[in-house]
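If you scroll down you'll find the structure; I have some questions about it.
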Number of protein chains: 2
Amino acid sequence: MHSQRGQCAKRLSILEAAAEVFCRQGFAGASIDEIASAACVSRQTVYNHYREKDNLFMAVVEDVMDRANAMLFSTLSSFPEIPERLEDDLAAFAVRLSQNCICNQDGKFLRKLVLSEGERYPHLFEGWRQHGPRKIGTALAALFARLSYKGLLQVDDFDVAARQFLALVNADLQMSTLFGVTPTEVELESAARNAVRTFIRAYGAPAQANAPALPAV
Amino acid sequence: MHSQRGQCAKRLSILEAAAEVFCRQGFAGASIDEIASAACVSRQTVYNHYREKDNLFMAVVEDVMDRANAMLFSTLSSFPEIPERLEDDLAAFAVRLSQNCICNQDGKFLRKLVLSEGERYPHLFEGWRQHGPRKIGTALAALFARLSYKGLLQVDDFDVAARQFLALVNADLQMSTLFGVTPTEVELESAARNAVRTFIRAYGAPAQANAPALPAV
DNA sequence: GACGTTTTAGACAATGGTGTCTAGTTTTAC
DNA sequence: GTAAAACTAGACACCATTGTCTAAAACGTC
C-alpha cells in the first residue's frame, strides 16, 4: 500500500509532469504514458499512486489550487498598511499580483484547464471560482474600502472597483496570458503603470492632501 | 465528388453540430460519431465533406471566424458619427459589443477553442488574434482618436484606452463569459454602465462644453 | 545480508476512436 | 423515368489508450 500523504519524490514528480501535460494537451488529449515518461516513472507507478486518470487529474488541480492559493494570500497581504505614495504602491502591488498569481505557470494552468474542462467537472469550476477570483475580489474590495476610509481614494462601489482594477491590470497582458507567454518584467511594469494611472484618474481622491498619517488601523 | 462551395443543408448542419461538440468536448474529446449523430447525418457523410477530423476542425474555426468577423464589423460601425450624449452612446455601444461579439455563441467558441487548442495549432491562434482582438483594438483606438479630436474625450494613448475600454466592459462579465452562461440584458447594461462611468471619469474631457457641433469628419 | 516495499518493463484484454469500404437506398437533375 | 449523385448503415482494419497483471529488479531499513 502507499502512504497517501507521504509526498515521496515520485509522487511530486508525477504531479508536476501531469500538470504540464494536462495543460498542454487537455484532459482527453493527455495520455498516462506521456505523463509517466515525462515524470521519468513507469506507467504502473502512476496507477499505484493515483488509481485512475480522473483521480490524477483531480489531484493535480487540487495541488495547483493549493499552491496558487498560498501565493495569492501572501501577495494580497503584501500591500503596505500605510501607503507612502499611493500610485507607486499600487503599481508595485499590481506587478506582484500579475507576476505571482496571473502570469505564472499555475495561473495559466488553472485558467486553461478550468475553461476547457469546467463543463465536464462543474464542481471543479465552482471550486476554482470560490478560491480564485472570488477571493481576489473580496480582498481587493477590502483594500479599496480601507484606502477610501483613509481618504486616499474615492470609491463608491468597492466590488466594482476591485473587478475593474483586476481587469485594467490584465488589459495589457491578456494576449500574453492567453497564449501562455510569460511577459517580461518591463511589460509587467508598463501594464501596471497604465492600469494604475487610469484607476487613479477614475477613483483618486480629488484633494491630494497627503494623508494626515492616521495611526495604523 | 462534392461541390465544395455549394453549401447544401447537410454541410451547414455538420458545421453547426461540429462547432457545438468541439466547443463542449475539445478537439481530442470530440468524436466524429457524436458530431455525425448531432448533425443527424451518417458518419460517412461527414468524411465525404471534410476528408478528416483535422480538416473539419479547421473548417469550423474558419466558419465561426467569418461569422464573428462580419458581426464585429457591423457592430463597430454602429457607433453614431455625431454622438449626442457621449456616456449613453458609449454604454449602448458597449452593450451591443458584448452582446454581439463577446457573450454570444461564436465568441464563446473562439475563446475556448483558441485557448485550449491554440498551442497545437499556432496559426489558428495567430489568425484569431489578427481577426479578433487586434481588429477590435484598432477600431476602438480610431474611435477614441476621433472623439478626442472632437474634444469629447481626453485620451493620450489611444491603443491603451482601447484595451482598457474592452477590459472594463468585460470586468463584470468575465465570470459569465468564462462559464459560458450568457448574461441577461440587465447584467449587460449594468456592466456597460459601470465600465463607461469609470472610463469617462478617467478620460472624459474636463470642460463638459457640449461639442460645438463640428461638421462630421 | 535479509526482508518488505516500491518500482520497473512488458505483456495483456478491453475499449473506443479514425478512416475505409461496400452494398443498398434516397434524392436530385434532366 | 432514368441515370448520376448524395446519403445511409454497417462491417472492417488499424491504432492508441486505459487499466490490470506478472515476474524481476531496485531500494531502504533493521
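Chain letters run A, B, ... following the sequence lines, proteins first, then strands; residues in each count from 1.
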Q) Can you tell which of B:Tyr203, B:Phe165, B:Phe158 makes a ring-ring contact (aromatic ring centres under 6.0 Å, His included) with B:Phe144? A) B:Phe165
(Q) Quiz question: by atom type and distance under 3.5 Å, do the side chains of B:Glu20 and B:Gln105 form a donor-acceptor pair? (A)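 No, no side-chain donor-acceptor pair sits under 3.5 Å.
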Q) Using a distance-only test with no angle check, is there a side-chain donor-acceptor pair under 3.5 angstrom linking B:Ser42 and B:Thr45? A)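 The answer is yes; a qualifying pair exists.
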Q: Calculate the interatomic distance between B:Phe22 atom CZ and C:dG17 atom P; express it in whole Å.
A: 13 Å
Q) With sugar-phosphate meaning primed atoms plus P, OP1 and OP2, does B:Ala30 contact a base, only sugar-phosphate, or nothing at under 4.0 Å between heavy atoms? A) sugar-phosphate
Q: Give the rounded distance in Å between these two atoms: CD of B:Glu52 and C1' of C:dG19.
A: 9 Å
Q: Establish, with yes or no, whether the OP1 or OP2 oxygen of D:dC7 is under 4.0 angstrom from a side-chain nitrogen or oxygen of B:Ser42.
A: no
Q) Between D:dG19, D:dA11, D:dT17, which nucleotide has the shortest distance from any of its atoms to the side chain of A:Arg43? A) D:dG19
**Q.** N or O in side chain of A:Lys10 less than 4.0 angstrom from C:dT8 OP1/OP2
**A.**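 For C:dT8, OP1 or OP2 has a side-chain N or O of A:Lys10 closer than 4.0 Å.
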Q. In whole angstroms, how far is the P atom of D:dT22 from the CD atom of A:Gln44?
A.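 The answer, rounded to whole Å, is 11 Å.
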Q. What is the distance, rounded to the nearest whole Å, between atom OH of B:Tyr47 and atom P of D:dG10?
A. 17 Å
Q.
For B:Cys40 and A:Ala28, find the nucleotide of DNA chain D closest to each by heavy atoms; which residue's nucleotide sits nearer the 5' end?
A. B:Cys40
Q) Are B:His49 and D:dA6 close enough that a side-chain N or O sits under 4.0 Å from OP1 or OP2? A)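 Checking D:dA6 against B:His49, no side-chain N or O comes under 4.0 Å of OP1 or OP2.
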Q.
Rounded to whole Å, how long is the line connecting atom CD1 of B:Ile35 with atom P of C:dG19?
A. 11 Å
Q) Whole-Å distance between D:dC21 P and A:Arg51 CZ? A)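 Computing the A:Arg51:CZ to D:dC21:P distance gives 14 Å.
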(Q) So A:Phe27 and A:Asp54, do their side chains get closer than 4.5 Å, heavy atoms only? (A) yes
Q. Phosphate oxygens OP1/OP2 of D:dA6: is one of them under 4.0 Å from a side-chain N or O of B:Thr45?
A.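 Answer is no, no contact under 4.0 Å.
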Q: Find the distance B:Asn48:CG to C:dT25:P and express it as a whole number of Å.
A: 19 Å
Q: Calculate the interatomic distance between B:Tyr50 atom OH and C:dG19 atom P; express it in whole Å.
A: 15 Å
**Q.** Taking every non-hydrogen atom, the tightest pair across B:Ala30 and B:Val21
**A.** CB-CG1, 3.6 Å
